[in-house]
Protein chains: 2
Amino acid sequence: MTEPTRPMRRQDIRRENEKAILLAAEKVFAEAGFGGATMQLIADLAGLPKANLHYYFATKEELYRSVVQNIFEIWLQAANCFDAARGPVDGISAYIDAKMEISRRHPDGSKVWASEVMHGAPVLQDYMESTLREWTDGRVEIIRRWIEEGKMDPVDPRHLLYMLWATTQHYADFGHQIETLNGGKSLSDRQWREAKENIKRVILTGIGAQPA
Amino acid sequence: MTEPTRPMRRQDIRRENEKAILLAAEKVFAEAGFGGATMQLIADLAGLPKANLHYYFATKEELYRSVVQNIFEIWLQAANCFDAARGPVDGISAYIDAKMEISRRHPDGSKVWASEVMHGAPVLQDYMESTLREWTDGRVEIIRRWIEEGKMDPVDPRHLLYMLWATTQHYADFGHQIETLNGGKSLSDRQWREAKENIKRVILTGIGAQPA
DNA sequence: GTCTATATGTAGATAGAC
DNA sequence: GTCTATCTACATATAGAC
């Protein structure tokens, strides 16, 4: 005998279904790319008839756009730790931690984002030219100030940011390669920690920002 | 009046056409992904009727496989500079130079390779488990020796390799993002040089392998 | 070895009963 | 809001004349 639960309101149904669809879509887009993904696959994974996808997201492209925007938001949020910091050691450490956490917890989203950029950002070009550019310019300014204050060596801020993005994203985007070289096993807690510490150590030492 | 040229032999025709097809395919696969690429697009870019593609490469998958293998070969060749080196400064510098040159000269190939790995290496899994693993193990051994000989700090060799791959590949795979942040212009000679020098400096300093 | 025409499958998207 | 049946377009791949 199941206790009768309060019937879901339309809003609830919509929210739950959209969430399930977005989650499934992220996985399928990550594994197959935009062109290789099919609405049928996504529907099956979400446990819904294919026609329902079109009820919630009119077109495949609209669904894809939602997935990409979601991960982009997460990506930007990782910036907060960067801003509050008083120096490169705090700021860059926290940023690497945050980005590595994203690589670990949202590997599919990271791959979709990487794929979007690799193919010329067909749907997020406007974001890149506005939000991302502003974010980047702000961080460049912060790094420049740190250099002026003698808190780190005079390293080109942009190339340093690219380095941070590259090294952290790599663990998501090339996760399969890393797993294969790890004997086919995914990285353990310990190995993730080592990866993070390694990146921090090499980069912080490399820019002359030694931990106190 | 055109001078009558010696008629091409069958072999020549085959070689030329295959080359044109592979070049076009690399570009289309890079831009659209495997699923998004169409034989029609590749044929148009190669300047051949679509049916001819199937004459040279029976299936889309076979054509794709050839493209991926090509770039993988180039990728592996960059390893040579690494081996001959007497220490981390020489070896890692040369490797970064070689990989950055690949990112610059073969951005499409790099993207195809990245895409292949991101999607779980459906066609190159066997290579990754044999050739790539052996290559990696060999390089890990070299780095370990350098550490023992006191030529660099005790950094985890695997994570160091990932860092080298990530930072150099990034300039190809995320080239569009970098261009957008560069005001929509592709990097100049000078900027490429700066990028290379920056990576070398941060990493070599970071692992305690200072140039003499 | 080349190329037009076409066979065959499957994708995205929709109609319309429930 | 759900789901079956179906439309339409286009992709891969091939047949067969040249």
Side-chain angles (χ1 to χ4, degrees), chain A residues 5-68 112 115-116 119 122-123, chain B residues 4-68 112 115 119 122-123:
Chain A
T5 56
R6 179 174 61 78
M8 281 197 283
R9 282 171 306 168
R10 292 199 185 190
Q11 274 193 342
D12 297 334
I13 291 175
R14 171 168 284 273
R15 203 151 29 88
E16 294 235 338
N17 280 339
E18 282 183 353
K19 195 173 149 190
I21 293 169
L22 285 169
L23 197 70
E26 181 177 270
K27 189 174 169 67
V28 174
F29 282 132
E31 286 176 356
F34 179 81
T38 70
M39 297 296 268
Q40 187 66 63
L41 271 172
I42 297 170
D44 292 348
L45 192 60
L48 289 170
K50 187 177 61 153
N52 290 30
L53 263 64
H54 283 101
Y55 175 75
Y56 288 103
F57 299 91
T59 65
K60 182 185 179 184
E61 205 169 322
E62 186 184 318
L63 173 55
Y64 173 75
R65 177 183 283 268
S66 297
V67 171
V68 177
V112 175
S115 194
E116 163 71 6
H119 298 145
V123 322
Chain B
T5 57
R6 179 175 60 80
M8 282 197 282
R9 284 171 304 168
R10 290 200 186 193
Q11 272 193 343
D12 297 334
I13 292 176
R14 171 168 284 274
R15 203 150 32 87
E16 293 236 338
N17 281 340
E18 280 182 353
K19 194 173 151 191
I21 293 169
L22 285 170
L23 197 69
E26 182 177 88
K27 188 173 171 64
V28 173
F29 282 133
E31 285 176 356
F34 178 81
T38 70
M39 296 296 267
Q40 186 66 62
L41 271 172
I42 297 170
D44 291 349
L45 191 61
L48 289 169
K50 187 176 62 151
N52 289 32
L53 262 64
H54 284 100
Y55 174 75
Y56 288 103
F57 299 91
T59 67
K60 183 184 178 184
E61 205 168 322
E62 186 184 319
L63 174 53
Y64 173 75
R65 178 183 282 268
S66 297
V67 171
V68 178
V112 175
S115 194
H119 298 145
V123 323

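If you're wondering where the values come from, they're calculated on a predicted model, not measured in any experiment. Reminder, nothing fancy here: chain letters follow the sequence lines and each chain counts from 1.
- Rounded to whole angstrom, the span from the CG atom of A:Asp44 across to the C1' atom of D:dC3 amounts to 14 Å.
- Rounded to an integer number of Å, the gap from A:Phe57 CZ to D:dG1 C1' is 15 Å.
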Nucleotides 11-18 of chain C: protein proximity per nucleotide (B base, S sugar-phosphate only, - neither; heavy atom, under 4.0 Å): SBBB----
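- Two residues are said to be in side-chain contact when any heavy atoms from C-beta on lie closer than 4.5 Å; B:Leu41 and B:Glu31 fail this criterion.
- The shortest distance between side-chain heavy atoms of B:Gln40 and B:Asp44 falls below 4.5 Å.
- Between B:Asn52 atom CG and C:dG1 atom C1' there is a gap of 8 Å when expressed in whole angstrom units.
- A 4.5 Å side-chain heavy-atom check between A:Leu48 and A:Ile42 finds every atom pair outside the cut-off.
- Taking CD of B:Glu61 as the start and CZ of B:Phe34 as the end, the distance is 5.5 Å to the nearest 0.5 Å.
- Atom-to-atom distance recorded for A:Tyr56:OH and A:Ser66:OG is 14.0 Å, nearest 0.5 angstrom.
- The CG atom of A:Leu53 sits 14 Å away from the P atom of D:dT4 (whole-angstrom rounding).
- Rounding to whole angstrom units, CZ of residue A:Arg15 and C1' of D:dG1 are separated by 16 Å.
- In this structure, A:Phe29 and A:Tyr64 have perpendicular ring planes: the angle between them is above 60°, well past the 30° mark.
- Between the CG atom of B:Leu63 and the C1' atom of D:dT12 there is a distance of 13 Å, rounded to whole Å.
- Among D:dG1, C:dT2, D:dT2, the nucleotide with an atom closest to any side-chain atom of A:Tyr55 is D:dG1.
- When heavy atoms are screened at a 4.0 angstrom cut-off, A:Tyr56 is found touching the sugar-phosphate backbone but no base atom.
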